[in-house]
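Working notes for the structure below.
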There are 2 protein chains.
Amino acid sequence: MQNPKELINELLVETFNRILTIEGEALKKVGIKLSMSEIHVLEAVALLPEPSMTAIAQKLGITVGSLTVAINTLFQKGYVRRYPDPLDRRKVLISLEQKAKDVLEVHKAFHKRMIDSIYVDLKLDEDEVLIKTLRNVSEYFKNYPID
Amino acid sequence: MQNPKELINELLVETFNRILTIEGEALKKVGIKLSMSEIHVLEAVALLPEPSMTAIAQKLGITVGSLTVAINTLFQKGYVRRYPDPLDRRKVLISLEQKAKDVLEVHKAFHKRMIDSIYVDLKLDEDEVLIKTLRNVSEYFKNYPID
DNA sequence: ATCAAATTGTTTGAATTTCAAAATGAGTAT
DNA sequence: ATACTCATTTTGAAATTCAAACAATTTGAT
């Protein structure tokens with residue numbers, strides 16, 4: 001395991017297999033009873049300029065049908081509202097209730113602590129290497145031929 | 001998004017949300033009809049020196065009950081065998097059929113391409129920064145207080 | 001203007017994954 | 001022997017997701 005490439009692979013697999021579970025547990029301990037899937041839906045809604053069903057589903061990489069089910073329960077629990085796009089009444093836009101915004105704050109704090117941990121003994125001028133690396137990975141998967 | 005920390009977070013979220021799905025699609029296209037969960041079970045078995053049910057479940061972060069269900073179907077499909085530990089017959093050890101080893105080769109090739117993409121324009125002497133970073137993240141989550 | 005095709009979303013039924021709790025079987029210690 | 005612990009399986013339920021069928025709206029071509 002002294003080969004840098006193998007080491008990097010081990011660390012990636014070891015770590016990212018656990019992040020979602022751990023983050024879920026962390027939220028539960030704070031008293032938030034939403035799953036990570038549900039959190040991600042709320043997050044996507046918050047980030048999109050025009051959060052239509054199709055746009056959200058695409059950002060999450062799930063089908064619109066699956067998203068409909070998810071939004072149904074989030075609406076039931078009082079986290080989101082649906083309203084028709086006035087310019088195109090086929091579209092259904094989603095908005096967040098205050099309750100959802102509060103949850104996203106907690107989620108954001110978790111991520112901040114995670115990122116801070118990356119910097120523990122990383123010198124500031126080494127940022128660029130990490131960012132370049134992440135860009136490479138991101139690009140690699142963004143252009144990956146799925147179909 | 002010019003803040004390095006925010007940028008890193010964006011890239012992490014954007015990328016790692018998609019890796020599992022993409023890897024699953026990649027395997028499907030090669031004609032492998034196992035889910036990523038099933039692949040991970042096989043991978044854990046391959047990596048552990050003494051792959052007992054408890055050891056595998058712990059490595060994967062799932063309950064032993066869940067693993068039993070998974071192993072049932074993997075056995076049904078002819079990927080694994082069960083045999084009792086001769087030293088402690090309470091334990092059930094898992095071994096891989098050739099079929100499973102073949103699948104893991106494909107999986108390994110996918111990971112190799114992924115890691116190679118990281119190196120696209122990374123100078124070799126910058127390895128250390130990336131490895132240090134990943135170690136930080138890995139440590140952070142390894143010691144994360146779940147209970 | 002009209003009609004067919006494309007787009008957007010919902011519903012439904014099924015498959016997968018996972019868990020918690022109860023049950024079984026094997027080892028350990030008193 | 002008896003009770004206790006450990007390793008695993010079984011079972012029933014919940015969550016997540018998909019594909020396919022359906023309905024409503026918009027777009028574009030004639």
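In the text below, chain A, chain B and the rest are named by the order of the sequence lines, each starting its count at 1.
When the P atom of C/dT18 is taken as reference, atom CG of B/L67 falls 10 Å away, rounded to whole Å. Distance B/L48 CG to D/dA7 C1': 16 Å, rounded to the nearest Å. Between the CD1 atom of A/I56 and the C1' atom of C/dT8 there is a distance of 13 Å, given to the nearest Å. Rounded to whole Å, atom P of C/dG27 lies 10 Å from atom CG of B/D85. Separating the CE atom of B/M53 from the P atom of C/dC19 is a distance of 13 Å, rounded to the nearest angstrom. Spacing between atom CG of B/L74 and atom C1' of C/dT16 amounts to 13 Å, rounded to whole angstrom units. Atoms CD (B/Q76) and C1' (C/dT16) sit 16 Å apart, rounded to a whole Å. Spacing between atom CG of B/N72 and atom P of D/dT10 amounts to 6 Å, rounded to whole angstrom units.
Between atom CG of residue B/L34 and atom OH of residue B/Y79 there is a gap of 4.0 Å, rounded to the nearest 0.5 Å. From A/I32, atom CD1 reaches atom CG of A/D102 across 8.5 Å, with rounding to the nearest 0.5 Å. We find the CG-OG distance between B/L67 and B/S52 to be 9.5 Å, quoted to the nearest 0.5 Å.
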Between N or O atoms, less than 3.5 Å apart, protein on one side and nucleotides 2-6 of chain D on the other: list the pairs.
{"unit_1": "D/dC6", "atom_1": "O4'", "unit_2": "B/R90", "atom_2": "NH1", "d": "3.2"}

Might you list the N or O atoms of the protein lying below 3.5 Å from N or O atoms in nucleotides 19-23 of chain D, with each pair's distance?
none

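When the nearest nucleotides of DNA chain D are assigned to A/A70 and A/P86 by heavy-atom distance, the more 5′-ward of the two goes with A/A70. Both B/R89 and B/V69 lie close to DNA chain C; mapped to their nearest nucleotides by heavy-atom distance, the more 5′-ward contact belongs to B/V69.
Among the heavy atoms of the strands lying under 4.0 Å from B/T54 are primed sugar atoms or P, OP1, OP2 only; no base atom is included. Looking at heavy-atom distances under 4.0 Å, A/V92 makes contact with sugar-phosphate atoms alone, never a base. Within the nucleic acid shown, B/S52 comes within 4.0 Å of sugar-phosphate atoms alone, with no base atom in reach, counting heavy atoms only.
Counting heavy atoms from C-beta on, the side chains of B/L42 and B/V80 come closer than 4.5 Å. Within the 4.5 Å cutoff, no side-chain heavy atoms of A/L74 are placed close to those of A/I94. Contact check for A/E97 versus A/R81: side-chain heavy atoms found under the 4.5 Å cut-off.
Proximity note for A/K91 (side chain, C-beta onward) versus D/dT10, D/dT9, C/dT8: the nearest is C/dT8. Taking every side-chain heavy atom of A/D88 into account, D/dT25 is the closest of D/dT25, C/dT10, C/dT18.
For the pair B/E38 (side chain) and B/S35 (backbone), a donor-acceptor distance under 3.5 Å is present. For B/K99 (side chain) and B/K77 (main-chain N/O), a donor-acceptor pair under 3.5 Å exists by modelled atom type.
For B/D116, the side chain to side chain donor-acceptor pair (under 3.5 Å) partners two or more places apart in sequence, or in a different chain, are A/K5, B/K112.
Here ring-ring contact (aromatic ring centres under 6.0 Å, His included) pairs that include residues 28-59 of chain B, with residues two or more places apart or in two chains, number zero.
With a 4.5 Å cut-off between side-chain heavy atoms of Ile, Leu, Val, Met, Phe, Trp and Tyr, the cluster of B/V69 takes in none.
Sorted by residue number, the members of residues 30-46 of chain B with any non-hydrogen atom under 4.0 Å from DNA chain C read B/S35, B/S37.
Checked by atom type, the side-chain pair B/N72/B/Q76 shows no donor-acceptor distance below 3.5 Å.
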